[in-house]
Amino acid sequence: MSKSERAQFATRLGVLATTVGSAVGLGNIWRFPYEAGVHGGGAFMLVYIFFVLVIGIPVATAEFIIGRHTHSNVYGAFRKLHDSPFWKVSGVIGIVASLMILSFYSVVAGWTFEYILRSLQNFNGAETQEALHAQFNQFTSSWESVVWTLAFLLVNYLIIRRGVQNGIEKMSNILMPVLFVILLAFCVNSLFMPGASQGLEFLFKPDFSSITPQVLMGAMGQAFFSLSLGLGGLITYSSYFSSKTRLLGSAASMAGLDTLVAIFAGIIIFPAVFTFGESPAEGPKLVFEVLPSIFLDMKFGQVWSVLFFVLLFLASLTSTISMSEISIAYFTEERHMSRRNATLLNTAIAMLFGTLSALSFGPLRHMTVCGRGVFDLLDYLSSTILLPLGGMIISIFVGWVIKRSVIYEQLDVVSPAKARLVKVVIFCLRYVAPTCILLVFLSGLGVIRF
Ligand code: PHE
């Protein structure tokens, strides 16, 4: 497809809303609190913010540069810029990682369907934390969870079939601001809970001695996951950007808003965790067990609860749409499939692995590799390994391989101040990001100790 035939985002607000729409999702509201909870709270938060600044914003900018310069899918982008098999590997990593994430992500997105229904039934009158635990376990280990996973993927399919501009842009423009306001209201509510100070202390007071290699690996993986980085999602989206979009500004606003939403989620969850006597280190169930308690405690709780899970479902959808677009753009542009077939193939793969992931909470519980079930394994391999690896390749590629003139042109360097800023970004891409990623990997693998 030629440059002029490709769809483009219509407005600047559209660009921001869709990139934030891709970034903000279950990663912020479900994954961030549980990862922070498992990895010691404040220490995790500190490292997380550091990674967003020195790796997240530069790598997001790098993806935008590649995408808008080549107007191509992730694989084609590397092929156009440098025709060597090595760089194309990065495209393959992105496509594989996007399909892995889509599979397990849809399971959790499916849970939001169930929780919308449960909210309508007021969680069957559950009054204790134990009752909510039992409900969650019973549901996730049953076939119902598979049905919701498939239902979610079907909805995703129906939207992505329609293409870029119609579906994604319109929905994100309305949705993101509403979600933001609702989260803010929940934050205020949590600040009045008895466990508020304990919760905030857990989240914001770093205990430096608890920064372990696992915390570093977890925080780095979370930064990549939450910002939709390292798999070419932003390359794909920015291939639809117009020449007027400001790339550095868009990367920084996206990262800022995404991090703000994650912090909001932490402020909502942790005061409640301590108020209701939960453990912060519950893992993936955390949010689904704690949130209902919050709602059951609120005035008009049922209404809030329905509204929240509907929004969470929609925020997940804007994220899965962006993940799907990565492989669909590849299938259509590189493999010359019709959009219809590409969408079908994407959905079929995700349905297969999504079903296995959903079953790994129940009947397939004992099918493990290195102690991890299918869901866990897909999450670990993609977020903790493939995304940072992809991010490292992207940052080295833009920092060292592509022409400086391309970077300067894409980042629209017109003033000395802007030139200085761009130099900082290039410095991060050449040295800081690859070194940090490598060190975190080596410490995670136990090769270096500190
Ligand atoms: N960033 C999304 C979230 O936080 C997940 C995502 C990952 C989306 C990778 C696209 C690509 O929910």
Side-chain angles (χ1 to χ4, degrees), residues 19 22-23 51 54-102 217 220-221 223-241 247 251 322-335 342 346 349 378 380-404 406-407 410 425-426 428-442:
T19 49
S22 164
F51 285 148
V54 304
I55 305 180
I57 298 177
V59 174
T61 310
E63 289 207 22
F64 285 163
I65 293 173
I66 298 177
R68 193 175 58 186
H69 178 67
T70 56
H71 286 280
S72 200
N73 66 86
V74 55
Y75 186 85
F78 282 98
R79 182 175 47 70
K80 277 188 189 169
L81 284 166
H82 202 286
D83 204 5
S84 84
F86 176 76
W87 297 112
K88 279 189 280 191
V89 167
S90 168
V92 177
I93 291 180
I95 293 152
V96 171
S98 72
L99 289 166
M100 282 180 159
I101 298 179
L102 181 62
M217 287 277 271
M220 188 170 79
F224 274 95
F225 186 89
S226 191
L227 296 175
S228 315
L229 282 185
L231 74 177
L234 301 181
I235 295 183
T236 311
Y237 262 13
S238 54
S239 70
Y240 306 114
F241 283 1
L247 300 187
S322 79
M323 284 168 217
S324 307
E325 197 60 33
I326 299 171
S327 57
I328 291 172
Y330 166 75
F331 293 144
T332 50
E333 289 171 17
E334 301 294 314
R335 301 274 149 211
N346 166 278
I349 297 173
L378 290 179
Y380 181 78
L381 285 179
S382 56
S383 322
T384 317
I385 311 282
L386 293 181
L387 301 190
L389 194 63
M392 181 149 91
I393 299 178
I394 289 166
S395 63
I396 294 175
F397 188 75
V398 173
W400 295 91
V401 180
I402 71 174
K403 288 200 202 86
R404 276 296 160 92
V406 171
I407 302 181
Q410 288 300 328
V425 173
I426 296 177
C428 285
L429 290 173
R430 292 193 123 194
Y431 305 103
V432 185
T435 317
C436 280
I437 298 172
L438 190 67
L439 288 180
V440 173
F441 270 145
L442 293 179

Please give me the minimum heavy-atom distance between [X] and [Y], naming the atom from each residue.
X: Thr19; Y: Phe64; answer: CG2-CZ, 4.0 Å
X: Arg404; Y: Ile426; answer: NH2-CG2, 3.4 Å
X: Ile235; Y: Ala77; answer: CG2-CB, 4.1 Å
X: Leu81; Y: Ile402; answer: CD1-CG2, 4.1 Å
X: Thr61; Y: Ala251; answer: OG1-CB, 3.5 Å
X: Leu429; Y: Val59; answer: CD2-N, 4.0 Å

Which residues satisfy the ring-ring contact (aromatic ring centres under 6.0 Å, His included) test with [X], sequence neighbours excluded?
X: Phe224; answer: none
X: Phe51; answer: none
X: Phe441; answer: none

Within the distance-only criterion (no hydrogens, no angle test), does the side chain of [X] pair as donor or acceptor with the backbone N or O of [Y] below 3.5 angstrom?
X: Glu325; Y: Gly233; result: no
X: His71; Y: Arg68; result: yes
X: Ser90; Y: Ile393; result: no

Roughly how far apart are [X] [atom1] and [Y] [atom2], rounded to 0.5 Å?
X: Tyr237; Y: Ile326; atom1: OH; atom2: CD1; result: 9.0 Å
X: Leu102; Y: Ser327; atom1: CG; atom2: OG; result: 7.5 Å
X: Ser238; Y: Ile65; atom1: OG; atom2: CD1; result: 9.5 Å
X: Leu247; Y: Ile66; atom1: CG; atom2: CD1; result: 11.5 Å
X: Ser395; Y: Leu229; atom1: OG; atom2: CG; result: 10.5 Å
X: Met220; Y: Ile55; atom1: CE; atom2: CD1; result: 6.0 Å

Mind running side chain to side chain contact (heavy atoms under 4.5 Å, CB included) on Ser72 and Glu333 for me, showing each step along the way? CA-CA 8 Å; Ser72 200; Glu333 289 171 17; 4.1 Å; yes

Trp87 vs Ile396 side-chain heavy atoms within contact, under 4.5 Å: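 They are in contact (side-chain heavy atoms under 4.5 Å apart), so the answer is yes.
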
Side chains of residues 93-101: which donor-acceptor pairs under 3.5 Å do they make with residues two or more places apart or in other chains?
{"residue": "Ser98", "atom": "OG", "partner": "Gly94", "partner atom": "O", "Å": "3.4"}
{"residue": "Ser98", "atom": "OG", "partner": "Ile95", "partner atom": "O", "Å": "2.8"}

Expected list for residues 382-391: side-chain donor-acceptor pairs under 3.5 angstrom, two or more places apart:
{"residue": "Ser382", "atom": "OG", "partner": "Leu378", "partner atom": "O", "Å": "2.6"}
{"residue": "Ser382", "atom": "OG", "partner": "Asp379", "partner atom": "O", "Å": "3.2"}
{"residue": "Ser383", "atom": "OG", "partner": "Asp379", "partner atom": "O", "Å": "2.9"}
{"residue": "Ser383", "atom": "OG", "partner": "Asp379", "partner atom": "OD1", "Å": "2.8"}
{"residue": "Thr384", "atom": "OG1", "partner": "Tyr380", "partner atom": "O", "Å": "3.4"}

Can I get a per-line list of side-chain donor-acceptor pairs under 3.5 Å for residues 430-439, giving both atom names and the distance, sequence neighbours left out?
{"residue": "Arg430", "atom": "NE", "partner": "Gly399", "partner atom": "O", "Å": "2.9"}
{"residue": "Thr435", "atom": "OG1", "partner": "Tyr431", "partner atom": "O", "Å": "2.3"}

